[in-house]
Amino acid sequence: MRIYDTLEGRVRDFAPLDGKAARMYVCGVTPYAEAHVGHAMQAIVFDVVRRHLEHRGYVVRHVQNFTDIDDKLIDRANQEGAPVADLAERHIAAYFRLLEALNVRPAHHYPRATEQTPQMLEIIGGLVARGAAYAAAGDVYFRVTRAPGYGKLSRRSLEMMFAGARIEANAQKEHPMDFALWKAAKPGEPSWDSPWGPGRPGWHIECSAMALNYLGRTLDIHGGGQDLVFPHHENEIAQSEAFNDGQPLARFWMHNGMMLLGQEKMSKSIGNLVTIADALAAHSADALRHLILSSHYRSPVTYSDDLMAASGRAVARLRQALAVSGGAGAALDPDPHRARFLDAMDDDFSTPQALAALFDLARAVNRAAAEGGDVQAAQEALRTLGGEVIGFAFAEPQAAVDPGLARRIQDLVDRRARLRAERRFAEADAIRDELAAMNVSLTDSPQGAVWQLTQ
RNA sequence: GGCGACGUAGCCAAGUGGUUAAGGCGGGGGUCUGCAAAACCCCUAUUCGGCGGUUCGAAUCCGCCCGUCGCCUCCA
């Protein structure tokens, strides 16, 4: 298996530090607002990474954090007049529900920053003792000039960043690029005791603490969105490696591309976003997963209703192939398709090519079934690769229909069947039109009509 | 301004030196069907932003130009 490593800027053979145990840390969200489809992209991309690793026999330990204390959370909580912890927990609970709806396998641990303060303080203390950090008026800053490789992940130097000239002056800092490990508490803010007085953690330190605490000094995979490369991951590297005497924080750095809306990156601060809830109100989770996986994970994806609808139709095609019945004829051998699929996935998770293999397999299944061939093994392969590895739920659209509506639909379908049997086609077609207006499509077969929702 | 990525059919998107440029959506024609739908078959890029260059050979390498995006500040 080969994986692109942002740090080295190239695809390398993947081998975990410890045999078949793969330790994966993925940066999660700051739960101050509703999750949008960009967050879904990150979750789905790393879900597929995990699923494929597991399919290939790795025992994955997957940890994802929640940054449940930061400026925006505090601001938002003040606006709402609610405690920060309540606001965070509310959004965390909603996020978990969305992950489940998206068919994302849960991580093994979801540590919260506020639960890791002892570990963070231990690291901060260690960094101060080593001279890699310094206290100033209740804050503690990391000393970037003492991190020899600072900038290696994002390929930039301190001098280069100065050229950007948007660095705000902060009299406390020795160097403008020094970043906060610990922030002194302001009145009314949640705070924790520390050797430097009451305060709260800086943004980056939680990930260093959690990674070390749950997975050890060196991760096999550290993931996140491309927008975290700088400064978040750069700073994580600086502080973790300073604390661990230079031992690398991660063997592979993986970054997913950004979700765009129109021509721009979707983001909470600009406000150009589509929430996951809105996307799932109009489209299936499989459609969103297909849209995201139809391009390579390092490329951006543009979200639109039209593209989502097209993705929904594409997944329906795979689902149809799972539903056909073959015969007792020659068995269709799925192995060539499976091999093509796995080769693509092994090559830095090339989901577009893997999906192409699935669509070809689906066509082969449909064709073989029509000729009376035995397609069970092929359908099994399609279900495994599409379901377990890619993560499609292949949920029958009926499943989402409430029982009352389902009964009304079935009544119409039955009435139409009787009319057809009497060859009263005009009346039967009127019922079909009526169903179509309800977004219900019919497929007639010798065994009767099967209906499904078109959305 | 610095760094990085990208520009392939109506749309989305693989492919990164050498047979007919994957796959999906859409469109056209056909088979099946009472008619449809689904499915299947055929067609839908002589060409890969533009111009030069390297090479026996380039969408794939190099240079320049045009256009788009990301990061440099909170961000998945």
Side-chain angles (χ1 to χ4, degrees), chain A residues 6 9 26-30 32-33 35-46 64 67 70-72 151 154-157 159-168 177 203 223-232 234 255-260 263-270 273 290-291 293-296 298-302 304 306-307 309-318 320-321 323-324 340 344 350-360 362-363 365-371 420 423-426 428-429 432-433 435-436 441-445 449-452 454:
Chain A
T6 306
V26 181
C27 285
V29 298
T30 302
Y32 77 91
H36 59 71
V37 292
H39 299 118
M41 177 166 178
Q42 180 256 31
I44 286 169
V45 163
F46 287 100
Q64 180 167 325
T67 305
D70 95 317
D71 291 346
K72 292 195 169 160
S154 51
R155 285 170 227 295
R156 60 190 76 183
S157 63
E159 301 78 65
M160 271 177 174
M161 287 184 272
F162 266 142
R166 276 198 286 173
I167 297 152
E168 63 195 78
M177 295 305 293
W203 175 32
Q226 267 166 5
D227 53 355
L228 296 185
V229 172
F230 189 90
H232 186 51
E234 194 70 61
H255 293 99
N256 63 277
M258 296 291 100
M259 182 71 85
L260 312 180
Q263 285 277 315
E264 268 186 319
K265 177 185 148 188
M266 202 175 277
S267 77
K268 284 187 280 197
S269 46
I270 303 175
L273 52 81
H290 179 273
L291 176 68
L293 300 179
S294 65
S295 68
H296 188 85
R298 280 187 277 116
S299 300
V301 172
T302 302
S304 78
D306 285 350
L307 291 171
S311 280
R313 287 189 287 269
V315 179
R317 186 174 167 71
L318 298 179
Q320 292 282 0
V324 300
R340 206 175 126 212
S350 183
T351 53
Q353 294 180 74
L355 287 173
L358 294 187
F359 284 108
D360 284 342
R363 171 175 287 108
V365 165
N366 286 328
R367 184 165 21 190
E371 290 165 0
R420 289 186 70 220
R423 303 190 67 80
R424 292 159 67 181
F425 294 121
D429 289 352
R432 187 170 61 202
D433 292 344
L435 287 166
S441 74
L442 293 175
T443 300
D444 289 325
S445 79
V450 176
W451 64 269
Q452 62 176 7
T454 50

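Each chain gets a letter, A, B and so on, in the order the sequences are listed, and its residues count up from 1.
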Base, sugar-phosphate, or nothing for [X], non-hydrogen atoms under 4.0 angstrom?
{"X": "Asp360(A)", "result": "sugar-phosphate"}
{"X": "Gly28(A)", "result": "sugar-phosphate"}
{"X": "Ser294(A)", "result": "sugar-phosphate"}
{"X": "Arg424(A)", "result": "nothing"}
{"X": "His36(A)", "result": "base"}
{"X": "Val29(A)", "result": "sugar-phosphate"}
{"X": "Leu442(A)", "result": "base"}
{"X": "Ala314(A)", "result": "sugar-phosphate"}
{"X": "Ala356(A)", "result": "base"}
{"X": "Ser295(A)", "result": "sugar-phosphate"}
{"X": "Gly224(A)", "result": "sugar-phosphate"}

Whether [X] contacts [N] is assessed here as follows: a side-chain N or O lying under 4.0 Å from the phosphate OP1 or OP2. Is that the case?
{"X": "Arg367(A)", "N": "A39(B)", "value": "no"}
{"X": "Arg155(A)", "N": "A5(B)", "value": "no"}
{"X": "Arg156(A)", "N": "G2(B)", "value": "no"}
{"X": "Gln226(A)", "N": "A76(B)", "value": "no"}
{"X": "Arg313(A)", "N": "G26(B)", "value": "yes"}
{"X": "Arg363(A)", "N": "G24(B)", "value": "yes"}
{"X": "Asn256(A)", "N": "A76(B)", "value": "no"}
{"X": "Lys265(A)", "N": "A76(B)", "value": "no"}

- Message: Can you confirm whether Leu358(A) sits close enough to Leu318(A) that some side-chain heavy atom of one is under 4.5 Å from a side-chain heavy atom of the other?
- Response: yes
- Task: Grab the CD-P distance between Gln353(A) and G15(B) for me, whole Å please.
- Result: 5 Å
Looking only at side-chain atoms of [X], point me to the closest of [options].
{"X": "Gln320(A)", "options": "C71(B), A38(B), G15(B)", "answer": "A38(B)"}
{"X": "Arg420(A)", "options": "G34(B), C40(B), A76(B)", "answer": "G34(B)"}
{"X": "Glu264(A)", "options": "G70(B), A22(B), A39(B)", "answer": "G70(B)"}
{"X": "His290(A)", "options": "G24(B), G34(B), A76(B)", "answer": "G24(B)"}
{"X": "Phe359(A)", "options": "G24(B), A13(B), A76(B)", "answer": "G24(B)"}

Rounded to the nearest 0.5 Å, how far does [atom2] of [Y] lie from [atom1] of [X]?
{"X": "Lys268(A)", "Y": "Tyr32(A)", "atom1": "NZ", "atom2": "OH", "result": "4.5 Å"}
{"X": "Arg317(A)", "Y": "Arg363(A)", "atom1": "CZ", "atom2": "CZ", "result": "5.0 Å"}
{"X": "Asn256(A)", "Y": "His296(A)", "atom1": "CG", "atom2": "NE2", "result": "10.5 Å"}

- Task: Would you mind pulling out the nucleotide paired to A5(B), Watson-Crick or G-U wobble, both distances under 3.5 Å?
- Result: U68(B)
- Task: Please lay out, stage by stage, how Val29(A) and Thr67(A) fare under the test side-chain contact (heavy atoms from CB on, under 4.5 Å).
- Result: CA-CA 6 Å; Val29(A) 298; Thr67(A) 305; over 6 Å; no
- Item | Per-pair stack call Phe425(A) and G34(B), 5.5 Å, 30° |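 The base of G34(B) is stacked with Phe425(A) (centres under 5.5 Å, planes under 30°).
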- Message: For Ala426(A) and Ala310(A), find the nucleotide of RNA chain B closest to each by heavy atoms; which residue's nucleotide sits nearer the 5' end?
- Response: Ala310(A)
